[in-house]
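A short write-up of the structure that comes next.
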Amino acid sequence: MRVAVCQLNSRDDRDHNLGVARGLLERAAAVGADLAVLPEYVDYLGPGKTAPKPEPIDGEFAQFFARTARELGLWVHAGSFHEVGPDDEHTYNTTLVFSPGGELAATYRKIHLYDVEIAGRVSYQESRSVSPGERTVVADIAGIPTGLSICYDLRFPELYRRLAIDGARVLVVPAAFMMHTGRDHWEVLLRARAIENQCYVVAAGQIGDHEPSRTCFGRSMVIDPWGTVLAQAPDDVTIATAELDLARLEKIREELPSLANRRLP
Ligand SMILES: NC(=O)CC(=O)C(=O)O
């Protein structure tokens, strides 16, 4: 399977963001990708705690990507968007995955919320405006069991171990990782999740400045189950592609059976 990671710089203009995302998905389809992955918060990254208009699962955001998947004949992992939440104060941070037929194949709500205060660097309290998801998800994407996660989830290895135990061969991480933490942690964490779970990791990030004061790290990448970086996007709004070889994954698991050798549940 050929995958494309799509790197965006989403702003406070949903229609603009969707237009840029569509252009990258067209590029992914043109180079033969079977699956294209967008980053966290494709719909909106701007001033204010949340998008001006959160949407239901079957709203315009979903319809746009269902149509795009169908028109391009592509599996589309639509990163994440602001889904209408349980009350007026909170949304969900939600992933939607569409099949090449345009059917909604999977949904996932971000479980771990980014509540972090690093003096002078990062001040973010995601739980003030977002409610956490409760459910882990291994989706069937083109016949491959694929574990879903979003951004800050990456720091919680027990989530990915659960996904691996539940059969995942690919782990997808749409993100808007901060520049301050990303430059030291992003690649290390992604490669660790790939090696320890013997899975492909497909990670699509937001890149650059977002109003009013957030800078995202980018460096979208695809990593193999040995921990090797197969593809990495440059610091731009663009795509990077790589081939996933499931036979190679099974060979790695056979030769170095660390997943099978686990002693703790
Ligand atoms: N933005 C996030 O959700 C996570 C992040 O930037 C980090 O973990 O660092």
Side-chain angles (χ1 to χ4, degrees), residues 5-12 17 37-51 54 77-83 85 90-96 107-137 147-163 171-194 196-197 201-221 223 232-233 235 237:
V5 282
C6 301
Q7 189 160 275
L8 285 185
N9 175 251
S10 292
R11 307 181 191 163
D12 61 351
N17 298 336
V37 177
L38 290 157
E40 185 180 28
Y41 283 154
V42 170
D43 59 333
Y44 180 90
L45 262 183
K49 292 197 178 87
T50 189
H77 177 301
S80 80
F81 78 111
H82 296 79
E83 184 198 347
H90 295 83
T91 57
Y92 293 112
N93 185 344
T94 304
T95 284
L96 304 176
T107 68
Y108 167 74
R109 290 176 175 153
K110 186 179 187 181
I111 292 175
H112 301 95
L113 301 180
Y114 191 53
D115 289 346
V116 172
E117 296 289 340
I118 305 175
R121 298 291 196 168
V122 177
S123 174
Y124 212 85
Q125 294 298 320
E126 189 174 15
S127 64
R128 287 193 189 144
S129 57
V130 178
S131 274
E134 309 280 350
R135 222 168 37 93
T136 61
V137 178
L148 303 185
S149 64
I150 299 176
C151 201
Y152 189 53
D153 281 333
L154 179 59
R155 294 183 182 275
F156 300 87
E158 63 276 18
L159 167 63
Y160 296 89
R161 179 47 53 91
R162 165 55 47 209
L163 296 172
L171 303 168
V172 180
V173 190
F177 232 71
M178 300 289 183
M179 175 63 80
H180 178 63
T181 51
R183 63 184 162 216
D184 293 323
H185 298 171
W186 172 246
E187 180 176 339
V188 179
L189 288 169
L190 291 171
R191 294 180 68 192
R193 298 297 87 88
E196 70 201 1
N197 296 300
V201 170
V202 180
Q206 294 276 353
I207 174 80
D209 295 336
H210 310 268
E211 290 297 320
S213 60
R214 176 174 179 151
T215 304
C216 286
F217 183 61
R219 305 280 163 92
S220 302
M221 53 181 80
I223 300 165
Q232 178 179 296
D235 292 343
V237 172

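When a ligand or atom number is given, it counts from 1 through the structure's own listing order.
Ranking the protein heavy atoms by distance from atom 3 (O) of ligand 1 puts Cys151 SG, 3.0 Å first. Distance from atom 6 (O) of ligand 1 to its nearest protein heavy atom, with residue and atom name: Met178 N, 3.0 Å. Ranking the protein heavy atoms by distance from atom 8 (O) of ligand 1 puts Arg155 NE, 2.6 Å first. Residue, atom and distance of the protein heavy atom nearest to atom 9 (O) of ligand 1 are Thr181 OG1, 2.6 Å.
Using a 4.5 Å cut-off on side-chain heavy atoms (C-beta onward), Ile118 and Thr181 make contact. At least one side-chain heavy atom of His82 sits under 4.5 Å from a side-chain heavy atom of Tyr41. Using a 4.5 Å cut-off on side-chain heavy atoms (C-beta onward), Val5 and Met221 make no contact. Contact of the Thr95 side chain with the Ser80 side chain is registered, since non-hydrogen atoms from C-beta on lie closer than 4.5 Å.
When heavy-atom distances to ligand 1 are checked against a 4.0 Å cut-off, His112 has no atom that comes that close, whether in backbone or side chain. Counting heavy atoms closer than 4.0 Å to ligand 1, residue Glu126 contributes nothing at all. Residue-level proximity to ligand 1 for Ala175 is absent, since no heavy atom of it falls below 4.0 angstrom. Under 4.0 Å from ligand 1, heavy atoms of Phe177 appear from its side chain as well as its backbone. When non-hydrogen atoms are compared, ligand 1 lies under 4.0 Å from the side chain of Arg214 (C-beta onward) but not from its backbone.
Ring pair Tyr160/Phe156: centre-to-centre distance not below 6.0 Å.
Environment of CZ in Arg214: crowded, with over 12 heavy atoms of neighbouring residues, nucleotides or ligands closer than 6.0 Å.
Residue pairs satisfying the salt bridge (charged side-chain N to carboxylate O under 4.0 Å, His left out) criterion with at least one member in residues 175-190, sequence neighbours excluded, are listed as follows: Glu187-Arg191.
Relative to atom 5 (C) of ligand 1, the option among Tyr41, Trp186, Tyr114 with the closest non-hydrogen atom is Tyr114.
Close to ligand 1: Lys110, with a non-hydrogen atom less than 4.0 angstrom away.
Using cut-offs of 30° and 60° on the angle between ring planes, the pair Tyr124 and Tyr114 is tilted.
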